[in-house]
**Q** 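Here it is, the structure in full.
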Amino acid sequence: MCGRYTLTVDEEAVMRRFHLDSSEAGHTPRFNIAPTQMAPVVLNEAPRRLSVGRWGLIPAWSKDATIGARLINARAETLIEKPAFRTPLKRRRCLVPADGFYEWRAEGKSKTPFFIRLKSGEPFALAGLWEVWQPPTGEPLRTFTIITVEANECIAPFHARMPAILPREVEQAWVDPETPAVELMAVLAPFPAREMEVWAVSRRVNSPANDDASLIEAI
DNA sequence: CCAGACGTTGTT
DNA sequence: GTCTGG
DNA sequence: CCAGACGTTGTT
DNA sequence: GTCTGG
């Protein structure tokens, strides 16, 4: 699964990586992006822009926002049948820029967190869905969820699921609302484990209040 | 037709 | 909003 | 994902 | 134990 991730590069680097012209995200390097927090997303917009949304999808029909804290992931295998996801799947797909994520492994009484990234260290796109939710009062809120797939051999020791990392060549097709969703299901597959690496990190990452470069240092 | 649900993960 | 169950 | 809270009533 | 908030 994916319950915490990183985007440690600055906004310029994110824009370069995803060929964007402008940004409303105000992104600064992040080492501990947690559910319900705002994070950069790439929608289908012209001109191409780095946008922003709240992690944890709140369906448009939700009466309150609390469900958002639980809908942080969406299983790829059941996207089409789940009411909360099938509507955004059609025309509201997004890229979630990231360059690493965390998984926890129980070791005796406690849990040890691990950091996972590409061996290249490069940012990548997680497959996401987004929605707009209108609170009873106030401005509409954009939210998003991260799609999960079966874990590869690198992640399997930690969990049965991992976030869907998109191959670079399908990123544009993924956000294009003209692409039929059925044609995209095959790209939701475990990323090659040989291109990923993992190491143990400090338990300081457990608290979402901590967000600094030391969180991804190997211990 | 109306009413009511609508989600994921891990752990026990 | 959209689907399922009654 | 983990951390942290977890309640009611009436009155101002 | 379970739910909400970050």
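Here the structure is a predicted model, which means the values were calculated and not measured. Every chain is numbered from 1, with letters handed out A, B, ... down the list of sequences.
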**Q** Without decimals, in angstroms, what is the distance between A/I67 CD1 and B/dA5 P?
**A**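 Whole-Å distance recorded here is 13 Å.
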**Q** With P as the reference atom in both, quote the distance from D/dC1 to B/dG10 in angstrom, rounded to an integer.
**A**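 6 Å, rounded to whole Å.
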**Q** In whole Å, I'd like the distance from the CG atom of A/L57 to the P atom of D/dC1.
**A**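 These atoms are roughly 18 Å apart.
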**Q** How many Å lie between CH2 on A/W104 and P on B/dT11, as a whole number?
**A**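 After rounding, the gap between these two atoms is 13 Å.
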**Q** So that I can tick it off, tell me whether A/E103 and A/R4 are bridged by a salt bridge, with the cut-off set at under 4.0 angstrom between side-chain N and carboxylate O.
**A** no
**Q** Donor-acceptor pair, distance only, cut-off 3.5 Å: does the side chain of A/R49 make one with the backbone of A/L43?
**A**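 Side chain of A/R49 to backbone of A/L43, a donor-acceptor pair under 3.5 Å: no, none is there.
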**Q** Could you state the atom-to-atom distance from CD1 of A/I58 to P of B/dC6 in whole Å?
**A**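 For the pair A/I58 CD1 and B/dC6 P, the rounded distance is 18 Å.
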**Q** Applying a 4.0 Å non-hydrogen cut-off, can you work out what A/W61 is touching in the nucleic acid: base, sugar-phosphate, or nothing?
**A** base
**Q** For B/dA5, take OP1 and OP2 only and decide whether either is under 4.0 Å from a side-chain N or O of A/K82.
**A** no
**Q** Would you compute the distance between atom CE of A/M38 and atom CG of A/L141 and round it to the nearest 0.5 angstrom?
**A** 6.0 Å
**Q** Using the C1' atoms only, state how far B/dT8 lies from E/dT2, rounded to an integer number of Å.
**A**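 After rounding to an integer number of Å, I get 15 Å for this pair.
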**Q** If the P atom of E/dG1 is compared with that of D/dT9, how far apart are they to the nearest Å?
**A**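 One P to the other, the span is 28 Å.
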**Q** Answer with base, sugar-phosphate or nothing: what part of the nucleic acid does A/S62 contact at a heavy-atom distance below 4.0 Å?
**A** nothing
**Q** At under 4.0 Å, does any side-chain N or O of A/H159 touch on OP1 or OP2 of B/dT9?
**A**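 No, no such contact exists.
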**Q** Using atom C1' in both nucleotides, what's the gap between E/dG6 and B/dC6 to the nearest angstrom?
**A**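 To the nearest whole Å, 24 Å.
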**Q** Does a side-chain N-to-carboxylate-O contact under 4.0 Å join A/E197 and A/R117?
**A** yes
**Q** Is there a salt bridge (charged side-chain N to carboxylate O under 4.0 Å, His left out) between A/R161 and A/E77 once you walk through the steps?
**A** CA-CA 12 Å; A/R161 311 289 301 177; A/E77 299 89 335; 2.8 Å; yes
**Q** Just the rounded figure in Å: distance from C1' of D/dC2 to CH2 of A/W55.
**A**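 Checked: the CH2 to C1' distance equals 11 Å.
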**Q** In Å, rounded to the nearest 0.5 Å, how long is the span from CD1 of A/I147 to CG of A/N73?
**A** 10.0 Å
**Q** Rounding to an integer number of Å, can you tell me how far A/L215 CG sits from D/dC2 C1'?
**A** 13 Å
**Q** For DNA chain B, what is the dot-bracket line, given that a base pair needs Watson-Crick (N1 to N3, plus N6-O4 or O6-N4) or G-U wobble (N1-O2 and O6-N3) geometry with both distances under 3.5 Å, and | means paired with another strand?
**A** ||||||......
**Q** So does A/R161 get a side-chain nitrogen or oxygen closer than 4.0 Å to the phosphate oxygens (OP1/OP2) of B/dT8?
**A**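 False: A/R161 side-chain N/O out of range (4.0 Å or more) of B/dT8 OP1/OP2.
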**Q** Roughly how far apart, to the nearest Å, are B/dT12 and D/dC2 at atom P?
**A**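 About 13 Å, rounded to a whole number of Å.
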**Q** Please give, in whole Å, the distance from B/dA5 C1' to A/F85 CZ?
**A** 14 Å
**Q** Counting any heavy atom closer than 4.0 Å, what does A/F101 reach on the DNA or RNA strands: base, sugar-phosphate only, or nothing?
**A** nothing
**Q** Return each pair, listed once, that meets side chain to side chain donor-acceptor pair (under 3.5 Å) where at least one residue sits in residues 119-141 of chain A; pairs must be two or more places apart or across chains.
**A**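 Passing the test, one end in residues 119-141 of chain A: A/R92-A/E131.
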**Q** From A/I216 CD1 over to A/F115 CZ, what is the distance, rounded to the nearest 0.5 angstrom?
**A**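 A/I216 CD1 to A/F115 CZ: 4.5 Å, rounded to 0.5 Å.
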**Q** From B/dC6, B/dT9, B/dT11, pick the nucleotide closest to the side chain of A/P83?
**A** B/dC6
**Q** Dump the pairs, protein N or O against N or O of nucleotides 1-6 of chain E, anything under 3.5 Å, distances to one decimal.
**A**
residue: E/dT4; atom: OP2; partner: A/R70; partner atom: NH1; Å: 3.2
residue: E/dG6; atom: N9; partner: A/P35; partner atom: O; Å: 3.3
residue: E/dG6; atom: N9; partner: A/T36; partner atom: OG1; Å: 3.1
residue: E/dG6; atom: N7; partner: A/P35; partner atom: O; Å: 3.0
residue: E/dG6; atom: N7; partner: A/T36; partner atom: OG1; Å: 2.6
residue: E/dG6; atom: N2; partner: A/R4; partner atom: NH2; Å: 3.4

**Q** Which residue, A/P59, A/S62, A/P35, forms the side-chain contact (heavy atoms from CB on, under 4.5 Å) with A/L71?
**A**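 The passing option is A/P59.
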**Q** Going by the side-chain contact (heavy atoms from CB on, under 4.5 Å) test, name the single residue among A/I33, A/T36, A/T143 that passes it with A/W55.
**A** A/I33
**Q** Please work out if A/T148 contacts a base, only the sugar-phosphate, or nothing of the nucleic acid, heavy-atom cut-off 4.0 Å.
**A**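 Sugar-phosphate: the residue A/T148, judged by heavy atoms under 4.0 Å, touches backbone atoms but no base.
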**Q** Roughly, in whole Å, what's the span from CG in A/L71 to P in D/dC1?
**A**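 Whole-Å distance recorded here is 14 Å.
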